[in-house]
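Single-structure report; data block below.
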Amino acid sequence: MGRKLTWLIQGSMTVEASFIVPATVLLTALLIVMCFYVHNRNWYLAAAAEVCLAGNSRYDREVDAQGIAERKAEERVKSQVMPASRPAIAVTCGKRGTSISFSGQRFSAFQDIFHLSVSADVDKVTPVGELRTARMVRKSIRR
């Protein structure tokens with residue numbers, strides 16, 4: 001019993017805890033920040049794909065595909081569950097496809113460590129043209 005008391009009186013447990021507890025808290029906080037970052041990156045990747053599909057599906061019609069894609073991007077940014085600083089949005093719609101990029105800072109306290117930059121390019125598929133090309137190639141092979 002005397003030996004056990006001298007070990008407690010030395011204070012080695014307090015010194016060890018003074019290093020272990022802050023390290024554990026710091027690692028837990030960094031893990032949570034990383035989870036938020038990965039969540040936001042995946043959110044904006046899904047939003048970019050959705051915006052590209054919205055822009056591509058309406059380009060041939062007599063509507064403003066650029067405006068539709070930009071409104072969809074704004075809607076997705078506003079509906080973000082864990083908002084941080086608002087990312088910059090760049091949308092381009094054309095006859096060949098739609099491209100979008102989201103870029104911004106996830107946590108302003110960390111300067112450039114958690115800079116979020118997501119972009120997507122989706123080419124417009126023309127199934128009629130592809131089928132005609134395939135049929136033409138097939139006819140030329142048979143001859």
Side-chain angles (χ1 to χ4, degrees), residues 1 3-141:
M1 181 107 178
R3 181 176 177 192
K4 198 179 225 182
L5 289 176
T6 57
W7 179 73
L8 289 173
I9 293 172
Q10 288 177 352
S12 63
M13 188 69 133
T14 305
V15 173
E16 290 172 4
S18 68
F19 290 111
I20 293 173
V21 171
T24 304
V25 170
L26 182 67
L27 288 175
T28 304
L30 286 175
L31 181 66
I32 290 172
V33 166
M34 286 299 296
C35 288
F36 285 159
Y37 176 77
V38 169
H39 174 271
N40 279 1
R41 182 163 170 71
N42 289 337
W43 174 273
Y44 285 118
L45 278 171
E50 190 175 327
V51 168
C52 285
L53 291 177
N56 280 350
S57 64
R58 292 177 175 88
Y59 187 77
D60 286 338
R61 301 182 193 145
E62 296 298 322
V63 294
D64 181 22
Q66 179 82 22
I68 290 172
E70 287 173 355
R71 284 191 296 277
K72 188 65 160 176
E74 290 290 332
E75 173 190 323
R76 297 303 288 162
V77 167
K78 287 179 184 175
S79 65
Q80 168 57 280
V81 179
M82 290 186 286
S85 61
R86 183 176 174 76
I89 303 169
V91 180
T92 306
C93 287
K95 290 185 178 183
R96 304 202 73 162
T98 303
S99 65
I100 182 168
S101 68
F102 294 103
S103 64
Q105 185 64 33
R106 174 61 184 111
F107 299 104
S108 56
F110 291 113
Q111 298 299 325
D112 290 333
I113 295 175
F114 292 106
H115 183 76
L116 182 70
S117 181
V118 175
S119 63
D121 297 318
V122 176
D123 293 334
K124 186 164 182 118
V125 178
T126 55
V128 174
E130 298 293 327
L131 288 173
R132 286 182 183 160
T133 304
R135 286 180 186 155
M136 187 173 58
V137 169
R138 190 180 305 148
K139 283 181 184 178
S140 68
I141 290 174

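These numbers come from a predicted model, not from an experiment. In what follows, residues are counted from 1 in the order of the sequence shown.
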Exercise for review: State, with a plain yes or no, whether a side-chain heavy atom of Val118 is found less than 4.5 Å away from one of Leu45.
Suggested key: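 Yes, their side chains come closer than 4.5 Å.
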
Exercise for review: Name all residues meeting the side-chain hydrogen bond (donor to acceptor under 3.5 Å, both in side chains) criterion together with Glu74; count only those two or more places apart in sequence or in a different chain, and write none if there are none.
Suggested key: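 Arg86.
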
Check your understanding: Under the 3.5 angstrom rule, does the side chain of Asp121 hit a backbone N or O of Ser99 as a donor-acceptor pair?
Key ->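 No.
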
[atom1]/[X] to [atom2]/[Y] distance, rounded to the nearest 0.5 angstrom?
X      : Y      : atom1 : atom2 : value
Ile89  : Ser103 : CD1   : OG    : 9.5 Å
Ile100 : Tyr44  : CD1   : OH    : 10.5 Å
Ser79  : Trp43  : OG    : CH2   : 4.0 Å
Thr98  : Gln66  : OG1   : CD    : 8.0 Å
Leu31  : Phe36  : CG    : CZ    : 10.5 Å

Side-chain donor-acceptor contacts of residues 133-141 below 3.5 Å, not counting sequence neighbours, with atom names and distances?
{"from": "Thr133", "atom 1": "OG1", "to": "Gly129", "atom 2": "O", "distance (Å)": "2.9"}
{"from": "Ser140", "atom 1": "OG", "to": "Met136", "atom 2": "O", "distance (Å)": "3.4"}
{"from": "Ser140", "atom 1": "OG", "to": "Val137", "atom 2": "O", "distance (Å)": "2.8"}

Which heavy atom in [X] sits nearest to a heavy atom in [Y], and how many Å separate them?
X     : Y      : answer
Arg76 : Ala47  : CB-CB, 3.8 Å
Ala48 : Ala120 : CB-CB, 3.7 Å
Ala73 : Val91  : CB-CG2, 4.4 Å

Check your understanding: Between Glu75 and Lys72, is there a side-chain N and carboxylate O pair less than 4.0 Å apart?
Key ->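 Judged by the 4.0 Å cut-off on N to carboxylate O distance, Glu75 and Lys72 do form a salt bridge.
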
